[in-house]
Q: 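What follows is a structure written as structure tokens; I'll ask about it next.
Note that the coordinates shown come from a computational prediction; the quantities given were computed from them, not determined experimentally. FYI, side chains are in, hydrogens and waters are out, and symmetry mates aren't considered; it's all heavy atoms of this structure.
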Amino acid sequence: MLQVQFIRENKEEVIKLLQVRNVEASMIEQVISLDEERRALQAQLDNILAESNKLSKEIGGFFKSGDVEKANALKAQTGELKETSKTLGEQLNAKSEELSSLLYKIPNIPHPSVPAGNSDEDNVEIFKEGAVPELEGDALPHWELAKKYDIIDFDLGAKITGAGFPVYKGKGARLQRALIAYFLDKNTAAGYTEYQVPHLVNEASGFGTGQLPDKEGQMYHIGADDLYLIPTAEVPVTNIFRDEIVSESSLPIKITGYTPCFRREAGSYGAHVRGLNRLHQFDKVEIVRVEHPDNSYKALDGMVAHIQEILRELKLPYRILRLCGGDLGFTSALTFDFEVYSTAQERWLEISSVSNFETYQANRLKLRFKDENGKSVLAHTLNGSSLALPRVLAGILENYQTPEGIKIPEALVPYTGFDMIS
């Protein structure tokens with residue numbers, strides 16, 4: 001979440017930048033007002049406690065000198081001060097909780113380069129690469145290809161669980177596993193350390209990375225244990241560093257991990273979510289970085305370039321978008337979305353989001369490092385999909401289809417052990 005001191009010292013700038021995200025200035029005004037009330041209560045409490053400590057020393061002196069009457073008189077005063085301090089403490093806790101609750105509802109401050117806008121229609125395309133293949137007139141969308149070659153069974157998944165839980169079969173399952181291994185190998189070759197993490201997290205972890213309270217309705221919750229199925233590996237991986245002070249010399253910290261991901265995706269209906277376009281369970285390989293604040297945007301550029309290299313090897317047509325304020329994730333300061341072109345569907349499919357959260361997550365996580373002066377400083381956190389499998393797989397099936405079958409991208413053949421699905 002945002003730091004109150006930063007809001008207080010940069011009020012006008014914060015209000016101006018948050019307007020790009022359509023956040024009303026009244027929320028910031030309320031934060032400052034609550035903080036002033038909290039600080040006033042804290043000052044009163046500090047004064048009461050200081051007076052109480054002073055009287056306690058005087059009481060000891062009077063007892064030592066034998067002046068019991070004065071000592072008892074002062075003890076009565078300290079009793080009154082104790083009651084007052086208790087009341088002030090309760091008021092201070094209530095005000096602090098009210099302030100924290102409001103701060104949790106305020107999204108991250110967008111980077112100055114984030115364009116204004118209300119929805120994904122206002123995102124700005126900044127790069128496009130790769131030729132869109134010319135398919136035969138009878139080219140099929142991936143859900144038809146999956147059925148034709150018996151590699152993904154959506155009906156069987158619906159029978160076992162429900163819509164949005166596909167079953168991968170034969171060469172479809174092998175291709176899925178090949179993509180996971182390929183992505184992990186590319187990431188570890190780029191200096192990321194591979195981790196295997198839990199697929200369930202507690203509430204503190206959800207708050208740490210900002211999924212709670214913002215995305216509570218999108219997460220599967222196990223009520224009996226008060227645990228959440230992860231929507232992305234970002235949550236458990238980043239929470240490795242919750243309540244930690246890392247050494248400055250250890251930065252940057254670069255981690256990659258594969259996990260299944262679970263999202264309720266409430267309200268998702270229509271043709272645009274058919275097949276692999278939007279699922280409740282899907283596989284994803286993630287990259288996460290903990291960076292020094294001075295280096296985080298250079299690191300973001302490096303993450304973007306890394307994902308570009310993967311897509312070039314897969315020879316998939318793609319584009320990069322700079323997300324506008326209205327489409328920017330709650331915790332992000334700047335996000336670049338990668339989209340692959342689905343030739344059979346004639347539309348762009350999002351396959352990756354690469355984001356810099358600056359100190360927003362770190363402030364929730366209490367993730368810090370000691371600078372050269374020994375001062376605790378909040379780190380910057382970043383993450384990106386590298387990559388989300390369903391739409392990459394959809395892009396491969398549709399863009400690589402031929403009358404003879406579906407070709408396998410050359411980079412994946414060593415992982416699949418075959419070069420054609422036919």
Side-chain angles (χ1 to χ4, degrees), residues 127-133 135 140-146 149 151-152 154 164 166 168 171-187 190 192 231-234 256-261 263 265 272-287 303-321 336-354 383-401 406-416 418-419 421:
F127 188 82
K128 184 189 290 185
E129 187 174 68
V132 174
L135 301 179
L140 300 173
H142 69 268
W143 54 86
E144 295 291 348
L145 292 167
Y149 295 106
I151 54 176
I152 307 172
F154 295 100
Y168 299 86
K171 287 187 175 181
R174 184 69 178 267
L175 178 55
Q176 184 85 343
R177 178 157 56 93
L179 280 166
I180 293 168
Y182 167 69
F183 292 152
L184 287 172
D185 283 353
K186 290 295 293 183
N187 294 345
Y192 292 86
T232 167
E234 169 203 344
T256 186
Y258 152 71
T259 65
C261 303
R263 299 182 186 179
E265 298 286 7
H272 69 288
V273 298
R274 287 191 66 181
L276 298 171
N277 288 350
R278 185 161 296 174
L279 301 174
H280 294 302
Q281 177 182 328
F282 60 95
D283 292 319
K284 184 151 71 82
V285 176
E286 198 80 359
I287 49 177
M303 294 168 76
V304 168
H306 174 66
I307 294 168
Q308 285 182 283
E309 180 184 341
I310 293 174
L311 291 171
R312 284 171 181 151
E313 284 194 4
L314 293 177
K315 297 179 181 177
L316 289 171
Y318 72 93
R319 67 176 182 174
I320 305 174
L321 305 176
F336 295 104
D337 266 9
F338 281 76
E339 295 182 339
V340 66
Y341 192 73
S342 167
T343 308
Q345 297 180 71
E346 298 182 339
R347 57 189 292 259
W348 292 97
L349 304 174
E350 180 196 333
I351 56 167
S352 175
S353 288
V354 189
N383 91 279
S385 310
S386 180
L387 290 161
L389 270 72
R391 293 173 184 172
V392 171
L393 185 56
I396 290 173
L397 296 180
E398 295 183 7
N399 291 335
Y400 276 84
Q401 63 179 299
I406 300 166
K407 291 182 178 179
I408 300 300
E410 186 178 348
L412 294 179
V413 173
Y415 294 89
T416 59
F418 56 85
D419 61 6
I421 296 174

Q: Examine distances only and state if a side-chain atom of Q401 and a backbone atom of L140 form a donor-acceptor pair shorter than 3.5 Å.
A: yes

Q: If you define the side chain from C-beta out and look only at heavy atoms, does anything of L412 sit under 4.5 Å from I396?
A: yes

Q: Would you give the length of the straight line joining atom OH of Y258 to atom CZ of F183, rounded to the nearest 0.5 angstrom?
A: 12.5 Å

Q: Between S352 (side chain) and S385 (backbone), is there a donor-acceptor pair under 3.5 Å?
A: yes

Q: Is there a donor-acceptor contact under 3.5 Å from the side chain of R263 to the main chain of P231?
A: yes

Q: Kindly indicate, with the supporting measurements, whether the criterion side-chain contact (heavy atoms from CB on, under 4.5 Å) is fulfilled by H306 and S386.
A: CA-CA 9 Å; H306 174 66; S386 180; 3.8 Å; yes

Q: Out of curiosity, Y400 OH to T343 OG1, how far, rounded to the nearest 0.5 Å?
A: 10.5 Å

Q: For N399 and Y341, does a side-chain donor sit closer than 3.5 Å to a side-chain acceptor?
A: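 No, no side-chain donor-acceptor pair sits under 3.5 Å.
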
Q: Please evaluate residues I287 and N383 with respect to the criterion side-chain contact (heavy atoms from CB on, under 4.5 Å), reporting the C-alpha separation (whole Å), side-chain torsions for both, the decisive distance (0.1 Å), and the verdict.
A: CA-CA 6 Å; I287 49 177; N383 91 279; over 6 Å; no

Q: With the side chain counted from C-beta on, respond yes when L279 and P166 share a heavy-atom pair under 4.5 Å apart, and no when they do not.
A: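 They are in side-chain contact.
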
Q: Side chains of L314 and V340, heavy atoms from C-beta outward: is any pair under 4.5 Å?
A: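 Answer no - side chains too far apart.
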
Q: So which atom in G130 and which in P317 form the shortest heavy-atom distance, rounded to 0.1 Å?
A: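 That closest heavy-atom pairing would be O-CB, 3.7 Å.
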
Q: Start with the C-alpha distance between Y149 and L397, add both sets of side-chain angles, then the distance that settles side-chain contact (heavy atoms from CB on, under 4.5 Å), and finish with yes or no.
A: CA-CA 11 Å; Y149 295 106; L397 296 180; over 6 Å; no

Q: If you take all heavy atoms of A233 and G257, which pair is closest and at what distance?
A: CB-O, 4.2 Å

Q: Which class fits the ring pair Y182 and Y415: parallel under 30°, tilted 30 to 60°, perpendicular over 60°?
A: perpendicular

Q: Would you please name every residue forming a side-chain hydrogen bond (donor to acceptor under 3.5 Å, both in side chains) with E144, sequence neighbours left out?
A: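 Scan of E144 (side-chain hydrogen bond (donor to acceptor under 3.5 Å, both in side chains), adjacent residues dropped) gives none.
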
Q: Taking the side chain as every heavy atom from C-beta outward, state whether I307 and F336 have any atom pair closer than 4.5 Å.
A: no

Q: Between V285 and L387, is there a side-chain heavy-atom distance shorter than 4.5 Å?
A: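 Of all side-chain heavy-atom pairs linking V285 with L387, none is under 4.5 Å.
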
Q: Evaluate the side-chain proximity of E339 to L321: yes if any heavy-atom separation is below 4.5 Å, no if none is.
A: yes

Q: Please check: side-chain N/O of T416 versus main-chain N/O of F418, any donor-acceptor pairing under 3.5 Å?
A: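 Yes.
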
Q: Roughly how far, to the nearest 0.5 Å, is the CZ atom of R174 from the CD1 atom of I408?
A: 10.5 Å

Q: Is there a side-chain contact (heavy atoms from CB on, under 4.5 Å) between Y168 and I151? Walk through the geometry before answering.
A: CA-CA 6 Å; Y168 299 86; I151 54 176; over 6 Å; no

Q: Which distance, rounded to the nearest 0.5 Å, do you find between the CZ of R177 and the CG of L179?
A: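 With rounding to 0.5 Å, CZ (R177) is 11.5 Å from CG (L179).
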
Q: Between E398 (side chain) and H142 (backbone), is there a donor-acceptor pair under 3.5 Å?
A: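 Such a contact is found between E398 side chain and H142 backbone.
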
Q: Nearest 0.5 Å please: distance from the OG1 atom of T256 over to the OH atom of Y192.
A: 8.0 Å

Q: Is there a side-chain contact between Q308 and F338 in this structure, where contact means two heavy atoms from C-beta onward sitting under 4.5 Å apart?
A: yes

Q: Verify, without hydrogens or angle tests, whether R391 (side chain) and E350 (backbone) share a donor-acceptor contact under 3.5 angstrom.
A: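 Judged by distance alone, yes, a pair lies under 3.5 Å.
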
Q: How long is the straight-line distance from CD1 of I406 back to CG of L145, given to the nearest 0.5 Å?
A: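 Between L145 CG and I406 CD1, I get 4.5 Å after rounding to 0.5 Å.
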
Q: Closest heavy-atom contact between P141 and Q345?
A: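 Scanning both residues, the minimum pair turns out to be CB-CG, 4.4 Å.
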
Q: How would you list, by chain and number, every residue that makes a salt bridge (Lys or Arg N to Asp or Glu O under 4.0 Å) with E234, sequence neighbours excluded?
A: none

Q: Would E286 and K284 pass as an ion pair if we require N to O under 4.0 Å?
A: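 Yes, E286 and K284 are salt-bridged.
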
Q: Does a sphere of radius 6.0 Å around CD in E410 hold more than 12 heavy atoms from other residues, nucleotides or ligands, not counting ones at 6.0 Å or beyond?
A: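 Atom CD in E410 is not packed in, count stays at 12 or less.
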
Q: Between T232 and C261, what is the shortest heavy-atom contact and its length?
A: CA-SG, 3.7 Å

Q: Is there a donor in the side chain of E129 and an acceptor in the side chain of Y318, or the other way round, less than 3.5 Å apart?
A: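 There is such a pair between these side chains.
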
Q: F282 versus L276: any side-chain heavy-atom pair under 4.5 Å?
A: no

